[in-house]
Amino acid sequence: MKPVIVFDVNETLLDLAALDDTFGEIFGHSDAGETRKKWFKQLIELFLTATVVGEYRRFDRLTDDALQMTAAQRWREVTDDDREKFRKALGELPAHPDVSAALQRLKAAGFTLAALTNSPRESAEKQLERAGLREYFARVLSADDIERYKPAREAYEHAAQELDVKLDRIVLVAAHSWDVAGALTAGCRAAFVARPGQALSPGIPEPQFRGRDVRDVAEQIVMREQ
């Protein structure tokens, strides 16, 4: 029986660099890319904190909080117009160039594909539809449904339950070390996508697959699991 391949969405499949123009409009174009990276790190800090302290807050609220904190670090405030621009851009992220062919390869080889995201499910569905990827996925799952963000064990257990498979029959594909660590700790297998600027923590178990992009990882999975 082939494993179910479960993908993280933001940064793994969808290209957050597409937000740079919006960050440039809000904060100035001189360092828009760095500002976007700082915003995303702030967002990660917020949802990890929410998970650890056990006080759940919706992911779309956290994205806005991270935007406000990014502004405060620059001694300014975001306007309602800024927020609207940002929400629109976040909902229209394109796929990384390697993604579509990789998903086609996995589907053609007979694998069932699913997505597991910290974003609200309805938002992720729309993002994947607009990026031209929704057709590849049997299910789009969200940690929001159980109010426990990845990398909490419950998020991966939720995916296994919804997909009706055991945890060790899931291969979690992600461009984030914390997501890979969470999946491995929960009992899944994992694949790390080494997007630019991403690296695995030396302190976590070695994932079963790692590659430069999703196409590289997909080929490894097909070759090993056929």
Side-chain angles (χ1 to χ4, degrees), residues 4-26 32-33 35-37 39-44 46-47 50 56-67 70 82-104 106-107 112-151 155-156 158-159 162-163 172-176 178-179 183 191 193 195-198 213-215 217-218:
V4 178
I5 315 301
V6 178
F7 288 85
D8 172 57
V9 175
N10 291 314
E11 228 173 23
T12 302
L13 299 177
L14 303 181
D15 188 1
L16 291 179
L19 294 172
D20 288 359
D21 284 345
T22 303
F23 275 98
E25 291 177 20
I26 297 172
T35 304
R36 181 255 307 167
K37 292 174 185 177
W39 163 80
F40 193 63
K41 287 181 179 178
Q42 187 68 69
L43 175 61
I44 292 171
L46 287 174
F47 71 68
Y56 185 79
R57 302 172 72 192
R58 277 181 60 89
F59 194 77
D60 46 6
R61 173 66 183 275
L62 296 183
T63 60
D64 185 70
D65 288 351
L67 185 66
T70 302
D82 293 333
R83 289 189 178 90
E84 182 57 33
K85 287 179 183 177
F86 178 72
R87 281 193 292 266
K88 186 175 186 295
L90 191 60
E92 298 176 352
L93 293 174
H96 284 285
D98 54 285
V99 169
S100 183
L103 299 181
Q104 289 177 20
L106 289 166
K107 288 282 284 186
T112 297
L113 310 183
L116 176 62
T117 178
N118 281 340
S119 300
R121 183 160 43 86
E122 61 273 20
S123 299
E125 292 267 11
K126 290 176 182 177
Q127 282 182 308
L128 292 170
E129 185 69 39
R130 286 169 177 161
L133 303 179
R134 179 62 184 88
E135 64 183 291
Y136 297 112
F137 297 103
R139 296 287 302 278
V140 176
L141 305 171
S142 171
D144 181 62
D145 291 337
I146 58 166
E147 299 189 352
R148 289 287 288 169
Y149 288 123
K150 297 186 293 176
Y156 309 99
H158 171 64
E162 290 295 310
L163 296 167
L172 188 282
V173 182
H176 307 291
W178 52 265
D179 204 354
V193 180
R195 295 284 184 209
Q198 300 296 327
D213 56 27
V214 176
R215 188 182 304 182
V217 164

Does Arg61 CZ have over 12 foreign heavy atoms under 6.0 Å away?
no
How far does [atom1] of [X] sit from [atom2] of [Y], to the nearest 0.5 angstrom?
X	Y	atom1	atom2	result
Leu16	Leu90	CG	CG	7.5 Å
Thr63	Arg83	OG1	CZ	10.5 Å
His158	Leu141	NE2	CG	5.0 Å
Leu13	Leu103	CG	CG	6.0 Å
Leu128	Leu93	CG	CG	10.0 Å
Glu125	Ser142	CD	OG	10.0 Å

Side chain to side chain, [X] and [Y], heavy atoms closer than 4.5 Å:
X	Y	answer
Leu19	Phe40	no
Val6	Leu163	yes
Gln198	Glu11	yes
Asp179	Tyr156	yes
Asp64	Phe86	no
Phe7	Val9	no
Leu14	Leu133	yes
Asp145	Glu162	no

Residue pair [X] / [Y]: nearest heavy atoms and the distance that separates them:
X	Y	result
Ala18	Pro94	CB-CD, 3.3 Å
Leu46	Ala66	CD1-N, 3.7 Å
Ala124	Val140	CB-CG1, 3.9 Å
Ala143	Arg148	CB-O, 3.2 Å

Would you check, one step at a time, whether the test salt bridge (charged side-chain N to carboxylate O under 4.0 Å, His left out) holds for Arg121 with Asp144?
CA-CA 7 Å; Arg121 183 160 43 86; Asp144 181 62; over 6 Å; no
Would you find a donor on one side and an acceptor on the other, under 3.5 Å apart, between the side chain of [X] and the backbone of [Y]?
X	Y	value
Glu92	Arg130	no
Asp98	Val214	yes
Arg36	Phe23	no
Tyr149	Phe59	yes
Arg195	Thr12	yes
Arg134	Phe137	yes
Asn118	Lys150	yes

Going through the distances and angles, do Gln104 and Tyr136 end up as a side-chain contact (heavy atoms from CB on, under 4.5 Å)?
CA-CA 7 Å; Gln104 289 177 20; Tyr136 297 112; 3.0 Å; yes
Cationic N near anionic O, under 4.0 Å, Arg215 to Asp213
no
Can you find a side-chain donor-acceptor pair between Asn10 and Ser119 that sits under 3.5 Å?
yes
Can you check salt bridge (charged side-chain N to carboxylate O under 4.0 Å, His left out) on Glu129 and Lys126, steps first, answer last?
CA-CA 5 Å; Glu129 185 69 39; Lys126 290 176 182 177; over 6 Å; no
So Val99 and Asp15, side-chain contact (heavy atoms from CB on, under 4.5 Å) or not? Walk me through it.
CA-CA 10 Å; Val99 169; Asp15 188 1; over 6 Å; no
